[in-house]
Amino acid sequence: MNIFRLVADLMHLGSILILLLKMFTSRSCAGISFKTQALYLIVFVTRYLDLFTHFVSVYNTFMKIFFISSAGYILYMMRVPLKDTYNKHLDAFRWEFLLGGAGVLALVFTHKYTVIETLWTYSIFLEMMAILPQLLQLQRTGEAETITTHYLFALGAYRALYIVNWIYRYETEHHVDAISTMAGIVQTALYCDFFYVYFTRVLKGKRFKLP
Amino acid sequence: QDGGDGHDEL
């Protein structure tokens with residue numbers, strides 16, 4: 001564990017708390033992609049199957065349980081109490097391609113052909129693309145509530161800090177995982193346009209609005 | 001340590 005990874009994980013945890021705060025305070029899930037949230041639940045469940053086989057630390061176990069359960073709770077919120085505030089027409093990304101594409105990539109690139117390892121690889125490639133339905137929705141709407149942009153910023157910052165963590169781990173431990181590094185770089189790159197608008201508008205107190 | 005079952009990142 002290093003400081004970059006710790007802060008990254010805390011940003012990830014913080015992003016989820018911001019999303020829950022948005023839902024609780026506005027009693028609405030408007031602007032949030034159900035598909036992206038569902039993809040994250042699949043990502044966490046397929047990645048953390050090793051909860052039962054491989055103990056890392058109490059911190060690691062706690063975070064895994066938090067990510068799985070909060071993702072499940074967010075889906076419940078969007079489907080049950082906040083159902084009427086969800087706009088399905090804005091959430092129009094063809095996510096079948098992401099689910100299938102990650103499957104193909106996992107079968108090609110997995111380190112080992114065991115069930116747990118292949119599902120781990122699947123989760124990495126699925127997470128790489130899971131934000132796309134949310135970004136498409138943002139693009140279609142052209143604007144977003146400020147709290148939603150803070151959520152997305154925290155999520156993007158978590159990914160960017162993981163890259164710093166990998167550089168640090170390479171320098172100090174000679175640890176490299178090609179799959180997570182490549183997928184992580186692609187995933188972070190997807191946030192570039194969003195970061196630009198966030199830094200130039202939201203942080204200056206203006207509304208998030210696409211040019 | 002590279003790959004395999006020992007994934008220690010979240």
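In what follows, chains carry the letters A, B, and so on, assigned in the order in which the sequence lines appear, proteins first and then strands, with residues in each chain numbered from 1. Worth knowing before you read on, the calculation uses all heavy atoms, side chains too, and leaves out hydrogens, waters and symmetry mates. As the structure is a prediction and not an experimental result, all values here were calculated from the model.
Interface residue A:Y59: only side-chain heavy atoms are found under 4.5 Å from chain B. Neither the backbone nor the side chain of A:F44 comes within less than 4.5 Å of any heavy atom of chain B.
Heavy-atom neighbours of A:Y113 OH from other residues, nucleotides or ligands within 6.0 Å: above the threshold of 12. With a 6.0 Å radius and a threshold of 12 heavy atoms from other residues, nucleotides or ligands, A:Y86 has its OH atom above the threshold. For A:D193, the CG atom counts as loosely surrounded, since its 6.0 Å shell holds 12 or fewer non-hydrogen atoms of other residues, nucleotides or ligands. Atom OH of A:Y170 sits in a sparse spot, with 12 or fewer heavy atoms from other residues, nucleotides or ligands closer than 6.0 Å.
Separating the CG atom in B:D8 from the NE2 atom in A:H175 is a distance of 6.0 Å, to the nearest 0.5 Å. We find the CG-CG distance between A:N60 and B:L10 to be 5.0 Å, quoted to the nearest 0.5 Å.
Listed by chain and residue number, nothing satisfies the ring pair (Phe, Tyr, Trp, His ring centres under 6.0 Å) test with A:Y196 (two or more places apart in sequence, or in another chain).
Listed options A:R5, A:K64, A:M63 were ranked by heavy-atom pairs under 4.5 angstrom with chain B; first place goes to A:R5.
Between A:H54 and B:H7 there is no side-chain heavy-atom pair separated by less than 4.5 Å.
A salt bridge does not link A:R47 with B:E9: none of the charged nitrogens is closer than 4.0 Å to a carboxylate oxygen.
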